[in-house]
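Report on the following structure.
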Amino acid sequence: MTTGKHPDDGHTESRQLGTSAMTGSATASTAAADSLAYPISPDYVQSWTPVRALCELIANALDEDRDATVGWAGGVLTIADDGPGIPEEGMILGHSTKTAQQIGQFGEGKKLACLVLARSPEVGPVRCETVGYGFVPSVKRRRLLEGLIPSLSGQGAEVLVYDLHRNDRSRGTVFTVACTQALAEEAIGRFRALREPGYAPPAAPGTVVLAGEPGRVWIGGVLVSTVPGLLASYDLPLDDKQLQNRDRTVIEAGALRDAVRTILAANDDPQVIERFATHVLAGGKLREPEQFFSTVHAARPRAAWRTWGRVHLPANAFYASSRQEEAVLDLQDKAYTRVTASGLSDYQEQVLMALLGVEVARVRQQRHYERTRNTTTWVPDKTLTTAERDQLTAATALVCRMLGPFALDRVRVYSDSEQSPCADGFYTPNSGDVAVHRHVLTDRHRTLAVLFHEAGHRVRHRGGGRWIPSPDYSDRSRGFESMLTEFGGLLLGLLADVAASGSLPEPATPQQAAEHPRRVRLAAADDPAVPASRRDLAHLLLDRLPHALRAGGFTGERDLVASTAVRAVYWQLLTQPRPAGFRRGQGVSTAWDYDKVALLAEAAGVHPPVVWLASNLCEGPLHGRRRDQWGKPGRWAKQVRDHIDRACTDLETLGGAYAAHIPALRALADGTTPAPTGDDRWHEPARALVALERQRLHLDDQQAG
């Protein structure tokens with residue numbers, strides 16, 4: 001049996017177990033020229049077996065030469081490497097030059113291995129030939145100082161002796177150990193590098209191994225433990241060798257649990273997910289190290305779990321927590337399919353189902369108040385009289401002319417509302433819409449007053465022009481009073497300018513009002529308070545959506561988003577964008593996480609850096625700064641610069657016209673290019689990238705056709 005390349009036949013001679021094994025050149029001196037003696041307790045490293053000792057010698061060879069050869073023939077195991085040899089310091093206990101990329105750690109493995117092999121009755125002679133010298137280890141009993149030192153046992157100390165001799169070897173080290181084939185095969189079998197051609201130690205956090213017997217744990221490809229009951233095996237990186245005890249025979253249970261959970265939580269291999277998902281959904285249990293579902297936080301592993309769920313579970317699947325019998329019966333009557341993971345705890349089942357995208361059964365009955373609250377009776381535009389329609393159009397246009405196109409977006413008319421029953425109008429934060437009661441439209445003054453008031457709410461909440469958003473926009477709040485005060489000052493200034501010219505502005509006619517934003521817009525992406533780059537991105541994604549649904553086999557927009565395991569609010573922020581600086585009181589305010597945005601972009605077939613920049617470049621001078629510093633000159637926050645660096649790296653990979661915008665983006669992040677609020681001309685790199693995507697995807701051509 002031979003593993004790896006063949007040993008140097010000119011330097012290796014093997015004999016049967018129980019005979020001497022000689023290795024060296026023809027001119028090497030075999031007479032001992034010197035010796036080393038290590039007094040050692042007979043109880044030292046009693047936990048080591050001959051197999052453990054052979055593994056240490058093999059590990060040393062692989063540390064020096066990844067192509068080292070290990071083979072057994074004629075009763076002798078030969079371990080040969082082409083390294084620089086064992087220096088004098090290598091014979092000293094505790095001296096180590098091992099690096100984090102090598103298997104060894106303490107500088108004691110070779111010495112302890114020779115001790116164990118020399119005193120083991122299962123092993124015959126051991127011999128080493130290295131550069132310039134060789135040695136034969138043996139264990140002897142001797143009285144120190146010819147017995148002058150008192151001894152409790154009277155038997156003398158156990159001494160590991162190296163009988164050294166010279167040779168003319170110039171490269172490499174060869175160990176020969178007389179042993180049985182079974183012993184050699186067991187030692188060789190612990191090294192993945194000797195069994196798997198091209199093996200390389202895994203990078204952090206490690207890898208899952210599905211082939212072969214489960215439960216094995218390697219560190220850098222060296223088998224160190226076997227844990228019964230695990231579903232898979234695990235190869236930890238060499239950096240984790242400190243998890244073992246000093247004689248490298250045990251991994252502390254807590255450290256092993258953390259290492260295995262970290263590996264599984266970062267894994268997005270469909271085969272790994274298949275093994276664990278099918279096991280637990282069939283009612284199987286998991287050992288503690290593999291109870292990892294609650295630690296899966298990264299975007300791509302979560303997306304991989306969600307993809308598995310979409311492919312393997314029914315579209316109408318659900319699971320039930322405790323005390324939901326009524327909901328279960330209701331859903332089963334509606335042909336829904338219940339899935340369970342009975343072998344898991346309630347919490348583990350809950351997080352598993354969240355990974356798979358399976359919703360919990362919920363009671364469908366709702367209170368009457370919950371069904372009817374905030375209901376509003378809207379008045380269709382076509383049912384308004386001509387006078388009412390002209391009144392509303394002219395008043396909307398006048399407010400927008402005075403304050404800016406962002407002051408009002410969609411204005412709707414209602415006849416009755418439980419949302420604000422005692423008011424003449426109200427502002428809806430979720431949509432940015434303004435509503436006016438129909439009876440207000442009978443009077444021009446009341447119409448202007450209501451729209452002016454609601455515009456204060458809207459601009460305070462969503463921002464626009466020189467004003468930045470703020471959550472403090474309610475009636476009788478300082479923010480709202482401050483906004484109305486600013487509006488008053490602005491309007492007085494305009495009146496003063498008009499008075500100086502000798503004429504006052506006439507009320508807007510319906511024809512003039514037509515030049516301003518529509519009262520009813522086609523999409524939520526048309527809000528004039530939203531930066532143009534975000535509006536362009538929203539239209540890009542919405543125009544691309546039909547093709548993405550067909551290409552991915554999705555049943556709809558919700559299905560596409562669910563397949564990525566990214567919260568739906570991210571997609572809403574991309575397709576129903578908010579003004580720059582908008583901050584929710586709670587929850588996600590911007591689609592900031594690059595990995596999550598990338599998953600949504602890839603699902604839609606759009607380049608991730610384009611989507612992230614179009615959505616977040618406008619936030620650059622705001623993110624990570626105090627509100628009073630928003631838009632001020634200077635470098636952007638480090639987190640923003642890091643994200644832009646990542647986006648620029650991806651743009652550089654795309655090359656061509658995409659990469660041409662990198663200098664402009666870096667100049668913005670470094671503060672070289674000014675980025676004031678109320679001016680969106682510096683958003684141009686993001687808008688240009690969106691235009692490139694539309695051109696690449698032929699969206700404008702499809703719409704024209």
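All heavy atoms count here, side chains included; hydrogens, waters and symmetry mates do not.
Side-chain contact, Asn616 with His623: no donor N or O sits under 3.5 Å from an acceptor N or O. No hydrogens or angles considered: nothing links the side chains of Gln291 and Tyr347 as a donor-acceptor pair under 3.5 Å. Side chains of Glu185 and Trp72: no donor on one and acceptor on the other come within 3.5 Å. Using modelled atom types and a 3.5 Å distance limit, the side chains of Glu359 and Tyr336 yield no donor-acceptor pair. In summary, the side chains of Arg534 and His683 do not present any donor paired with an acceptor at a separation below 3.5 Å, with no hydrogens or angles considered. No donor-acceptor contact under 3.5 angstrom links the side chains of Trp592 and Glu619, judged on distance only. For the residue pair Tyr594 and Asp642, no side-chain donor N or O sits within less than 3.5 Å of a side-chain acceptor on the partner.
At least one side-chain heavy atom of Arg310 sits less than 4.5 Å from a side-chain heavy atom of Phe554. Here the side chains of Tyr319 and Gln350 are in contact, with some heavy-atom distance below 4.5 Å.
Between Phe292 and Phe276, the ring-plane angle classifies as perpendicular under the 30° and 60° cut-offs.
With sequence neighbours excluded, the residues that form a ring pair (Phe, Tyr, Trp, His ring centres under 6.0 Å) with Phe293 are Trp305.
Contact check on Arg192 versus Asp235 returns a salt bridge, with a Lys/Arg side-chain nitrogen under 4.0 Å from an Asp/Glu carboxylate oxygen. With salt bridges taken as basic N to acidic carboxylate O contacts below 4.0 Å, none links Arg52 and Glu186.
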